Amino acid sequence: MRGIITATAHYVPDTKLTNKDLEKMVHTSDEWITSRTGIKERRILDKDKGSSYMATKTAEKLLEKRGISADEIDLIILATATPDMYVPSAAALVQKNLKTNNCWAFDVNAGCSGFIYGLVMASKFIAAKKEKKIIVIGVEKLSAYVDYEDRNLCVLFGDGAGGVLLEPSQEDGYGIFDYILRTDGEGAKYLNLRGGGSAMPASVETLSNKLHYLYQDGKTVFKFAVKGMSDTFLRLIKQNGLKAEDIDLFIPHQANNRIISVVGEKIGLPPEKVFVNIQKYGNTSAATIPIAMSEAYDAKRIKKGDKVVLSAFGAGFTWGSVLFRSGH
Ligand code: UT7
């Protein structure tokens, strides 16, 4: 029994932070940001709202699109590294907001790969024939963890949420086909947020040393991201007897347009088969792939029977690729 995607949705805050705005905040330029990353603007959530707000909006849209009530949902899997608070999970807050008592819910923290980790988990629950309607959402409020005095990082990230509804396929040949997922904790030193965790509880020192902000060694992460996404894409299609030209759409994690271009070349896909929306939202970590999926379905760039590959790379390191054949 395969899980198929029966609805997609996304929510991004209205407030835009453009490259021109950033020029007034740090020593940067629209030209540098555009040429080095492809980003033109990103969305910023209100200070007093958390990730669960955007995830709830996304879940409500999924229910509306599918025409079902919240009580029909069996499970909510929320991929995020920026939950509203450490305890309880953001997934629990979404369950409360949806006012459903028939489901269980949990968070997945796998950095920018969180959504594809969650999607694979959801497909396993569907295959086990227990849960029948699963919401998988990727959501991040990265603006809460970015130092807006650090030009290396503040130009990259934005806030947003995207999600899918996964259900058992009624027809053969559609749904989540296969995946390759990997983790290598050696990557922790290159991409992390150390302050406030159990090894380094919040203190005057962690605050003054700015350890509650995201840290990234961009150049190292860039190289691993290119390798991780292209290797898993190529192995995944090969083990399914496919060639690059058989893939109708490739949706990579949106961290940097240069990474996306290099990966596209390595895997042998023309630009028209590679989905890019980084110019509008920047890097929204676990949310980039489901936001892109939602936009791709809305724009009819994915049709019934299309073979689609999702590839991600993020903190951990975590990375991988997922192959599905669209059921609608
Ligand atoms: O989503 C999780 C995974 N994350 C990623 O995949 C991100 C991977 N890394 C990247 O996308 C890129 O490494 C960055 C976009 C983060 C940085 O691009 P880069 O080409 O690697 O630039 P760099 O860090 O080597 O910096 C080049 C120069 C430096 O100046 P010097 O030392 O050559 O004088 C930086 O100080 O650009 C400077 N620079 C900037 N200049 C203007 C760095 N940030 C900026 C900025 N505006 N915002």
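Atoms within each ligand, like the ligands themselves, are counted from 1 in listed order. These figures come from a predicted structure and were not determined experimentally.
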| query | Heavy atoms only: which of L153, N283, T288, V221 is nearest to atom 5 (C) of ligand 1? | reply | V221
| What protein heavy atom sits nearest atom 11 (O) of ligand 1, and how far off is it? | N256 ND2, 2.7 Å
| query | Which ligand 1 atoms, with their elements, are less than 4.0 angstrom from a heavy-atom of R36? | reply | 20 (O)
| Does atom 21 (O) of ligand 1 have a protein heavy-atom neighbour under 4.0 Å away? | yes
| Is the shortest distance from a heavy atom of I33 to ligand 1 less than 4.0 Å? | no
| note | Logged contact type for L156 with ligand 1, heavy-atom cut-off 4.0 Å, is side chain
| Heavy-atom donor-acceptor pair, R151 side chain to H27 backbone, under 3.5 Å | yes
| message | I want to know whether H328 and Y174 have ring centres closer than 6.0 Å. | response | no
| said: Using a 4.0 Å cutoff against the non-hydrogen atoms of V155, which atoms of ligand 1 qualify? | reply: 48 (N)
| With backbone taken as N, CA, C and O and side chain as the heavy atoms from C-beta onward, which portion of T28 lies under 4.0 Å from ligand 1: side chain, backbone, both, or neither? | both
| Which protein heavy atom lies closest to atom 7 (C) of ligand 1, and at what distance to 0.1 Å? | Q216 OE1, 3.5 Å
| query | Counting from 1, what ligand 1 atoms have a heavy atom of R258 closer than 4.0 Å? | reply | 18 (O), 19 (P), 20 (O)
| task | Could you point out which residue of Y179, F250, W319, F313 forms a ring pair (Phe, Tyr, Trp, His ring centres under 6.0 Å) with F233? | result | F250
| query | Can you tell me if E140 uses its side chain to pair, donor with acceptor, with the backbone of G138 under 3.5 Å? | reply | no
| said: Among all the protein's heavy atoms, is there at least one whose distance to atom 9 (N) of ligand 1 comes out below 4.0 Å? | reply: yes
| T37-ligand 1 polar pair, N/O distance under 3.5 Å | no
| request: Would you mind checking which non-hydrogen protein atom is closest to atom 36 (O) of ligand 1, with the distance to 0.1 Å? | output: R151 NH2, 2.9 Å
| Would you say S29 and ligand 1 have an N/O pair spaced under 3.5 Å apart? | no
| query | In terms of residue, atom name and distance, what is the protein heavy atom nearest to atom 23 (P) of ligand 1? | reply | K219 NZ, 3.9 Å
| If we ignore angles and hydrogens, is there a donor and acceptor under 3.5 Å between the side chains of Y117 and T183? | yes
| request: Ignoring hydrogens, tell whether any protein atom lies closer than 4.0 Å to atom 29 (C) of ligand 1; use the non-hydrogen atoms only. | output: no
| message | Show the nearest heavy-atom pair for residues G162 and T58, with the distance to one decimal. | response | C-CG2, 3.7 Å
| remark: Scanning both residues in full, the closest heavy-atom pair of R258 with S35 reads CD-O, 4.0 Å
| field | Under 4.0 Å to a heavy atom of H253 - the qualifying atoms of ligand 1, by number | value | 1 (O), 2 (C)
| task | List the atom of N240, the atom of L323, and the distance in Å for their closest heavy-atom pair. | result | CG-CD2, 3.8 Å
| said: Below a 4.0 angstrom heavy-atom separation, can you tell me which part of W32, side chain or backbone, both or neither, approaches ligand 1? | reply: side chain
| Parallel, tilted or perpendicular: which describes the rings of F317 and F224, with under 30° parallel and over 60° perpendicular? | tilted
| said: Does only the side chain of I259 get under 4.0 Å from ligand 1, or the backbone, or both, or neither? Count heavy atoms. | reply: side chain
| request: Determine, for Y53 and K49, whether the Lys NZ or Arg CZ falls below 6.0 Å from the six-membered ring centre while staying within 45 degrees of the axis. | output: yes
| said: Would you say F324 ends up clustered with L234 if hydrophobic residues are merged whenever their side chains have heavy atoms under 4.5 Å apart, either directly or through other cluster members? | reply: no
| Is it the case that S311 and H253 place a side-chain donor and acceptor less than 3.5 Å from each other? | no
| field | Interatomic distance, N101 atom CG to Q95 atom CD [nearest 0.5 angstrom] | value | 6.0 Å
| query | With a 4.0 Å cut-off on heavy atoms, is C112 touching ligand 1? | reply | yes
| task | Could you tell me whether atom 34 (O) of ligand 1 has a protein heavy atom closer than 4.0 Å? | result | no
| field | Distance filter under 4.0 Å to N152 heavy atoms, resulting ligand 1 atoms | value | 43 (C), 44 (N)
